[in-house]
Number of protein chains: 2
Amino acid sequence: MALKLDKVNRGPHLSTLVASSISREIAQGRLKPGDQLPTEQQLATTFGVSRNVVREAIARLRSEGRIWSQQGRGAFVADQPNATVLTIDYEALQQANAFQSLFELRGILEVEGAALAAGRRTDSDLSAMRDALTTMQAAPYGSVMWLKTDLEFHKTVAAATGNPYMVQFLTFVSERVRESILASGNQQRSEDLAAVTLGEHQRILDAIEARQADEARDAMRQHLHGAASRVGLAEEQSE
Amino acid sequence: MALKLDKVNRGPHLSTLVASSISREIAQGRLKPGDQLPTEQQLATTFGVSRNVVREAIARLRSEGRIWSQQGRGAFVADQPNATVLTIDYEALQQANAFQSLFELRGILEVEGAALAAGRRTDSDLSAMRDALTTMQAAPYGSVMWLKTDLEFHKTVAAATGNPYMVQFLTFVSERVRESILASGNQQRSEDLAAVTLGEHQRILDAIEARQADEARDAMRQHLHGAASRVGLAEEQSE
DNA sequence: AAACCAGTGTTGTATGATAACCATGTAAGT
DNA sequence: ACTTACATGGTTATCATACAACACTGGTTT
């Protein structure tokens, strides 16, 4: 059975392909809330897979709250999607403007988070941030270890806000952003950039240590601005 | 009159039970990151279900990023959970400080979103916001319709940013916040409050129409401040 | 010692069958 | 006329089995 779907190589599981395909139908409005999906048998034949695979895809979509199903009736598109879960489509992020939007959202959270952190940080928060910074200094610029500790530093800043959801959301968004950066692979390597980045981090740390919210906000904003250009984001937003 | 019998007697699917059971094992540390899960066959026999059901449960957990599996090797507990999906525990939100944290996060997104909207809104964005405001005027304060259009207004503001993720995140967070408010049920009813709330909305709308970002930010901040007190949030944050 | 190779276990997929359930129509009973 | 019971077809939920693809292991050969 040669599957002649879109050559989406993401995830070698057929159920993943089927799930994202149905999900796309919903997102693009070809399947509206309340609509009944084709029967599992029909889906199986149209996708050229077994009914079992379709069921795994359905189970996934159901757990994401996108559809609901009832025995003897069928499967239907849920009225309010994302009822309990928030997901970000990996493939959609490959488009530049989508990535830029997510980066912007991350920026808002980071910048305001830094300001909050400046007002609330404890001494243990501070030492955690320092630790992350020193380990980042040891790692070579652009390496996996470097990126990891970079994210760790930002996470410690978020943690200093004392707002657990801030940590959760920021981690989630940053993770998606990092994935896209790694996938696109346009990461310049240079020791100069390492020093610049570390300096920006240091400035954030200093501001938070001094409990200066505005300065922290500004430092974070500048850091993200620098990070955007380093990654090759146009950033032609008017202000 | 048919009374509301056990509506959920219709047991959740077996795959859901299996999935949550495995999920609990992970959450409670009996299955640590990196650990290999029992084989599908073993899980099937221990749970007393078919291997097919186990596979649907696995598919679900895999989509949630909790586990990963490889053909010929087995399934393993993922190092970092919540890789692709973001969830918010409904139970945890019942605690006041958790709710307050989520409200704070929502505030950041709303306030900065309003500022962005002021810089980017189109005329159609503006008319959508006006429509939401007029329908809200017609609904009685505190009614379901009122809450719905209230959320709709905020969604139109988010849409005016042109950032789809802003809409997605804000909708998700606001939905959780609204659920908690409805559950707690401490919603005072008063015509005065309706007028006040509508006035706040109007001010936001005017600022966005005039493309004044700072004013929009301030108006939204004040609106949320008012909404917080109306819901009975202490809000003793220092600034 | 390194490369090859067969065997075994596991996941991924396909296929068929059965039970539970829903919706609808029709006949029987009141 | 109205309700109840039954029959029928369609759908999901679940089970069972079989095969293909892949990973790992250990022995054999080179």
Below 3.5 Å between N/O atoms, which protein atoms pair up with nucleotides 7-9 of chain C? Just atom names and distances, please.
unit_1	atom_1	unit_2	atom_2	d
C:dG9	N2	B:G72	O	3.2

Just by modelled atom types, is the B:Y165 backbone N or O under 3.5 Å from a matching donor or acceptor in the A:E104 side chain?
-> no

Check nucleotides 15-18 of chain D against the protein and report each pair of N or O atoms closer than 3.5 Å, with its distance, or say if there are none.
unit_1	atom_1	unit_2	atom_2	d
D:dC15	OP2	B:S50	N	2.8
D:dC15	OP2	B:S50	OG	3.2
D:dC15	N4	B:N52	ND2	3.4
D:dA16	N6	B:N52	ND2	3.4

Counting only side-chain N and O atoms of B:S69, is one of them less than 4.0 Å from OP1 or OP2 of C:dG12?
-> yes

Tell me which of B:Q42 and A:E56 sits closer to the 5' end of DNA chain C, going by the nucleotide each one is nearest to.
-> B:Q42

Can you run down the ring pair (Phe, Tyr, Trp, His ring centres under 6.0 Å) pairs that involve residues 23-63 of chain B, sequence neighbours left out, and say none if there aren't any?
-> none

Non-hydrogen side-chain atoms of B:M136 and B:D150 separated by less than 4.5 Å = yes

D:dA13 OP1/OP2 closer than 4.0 Å to side-chain N/O of A:R62 = yes

Judged by atom type as modelled, is there a donor-acceptor pair below 3.5 Å linking the side chain of A:N163 to the main-chain atoms of B:S101?
-> yes

Could you state the interatomic distance from OG1 (A:T149) to CG (A:D131), rounded to the nearest 0.5 Å?
-> 12.0 Å

Test: B:E64 and B:R60 ion pair at under 4.0 Å | yes

Within the structure, does a side-chain N or O atom of A:Q70 lie under 4.0 Å from either OP1 or OP2 of C:dC22?
-> yes

Give a yes or no on whether the backbone of A:R130 and the side-chain of A:T134 come within a donor-acceptor separation of less than 3.5 Å.
-> yes

Atom CD of A:E40 to atom P of C:dG16: distance rounded to whole Å?
-> 16 Å

Just by distance, do the side chain of B:S21 and the backbone of B:L17 share a donor-acceptor pair under 3.5 Å?
-> no

In whole angstrom, what separates B:R55's CZ from C:dT13's P?
-> 6 Å

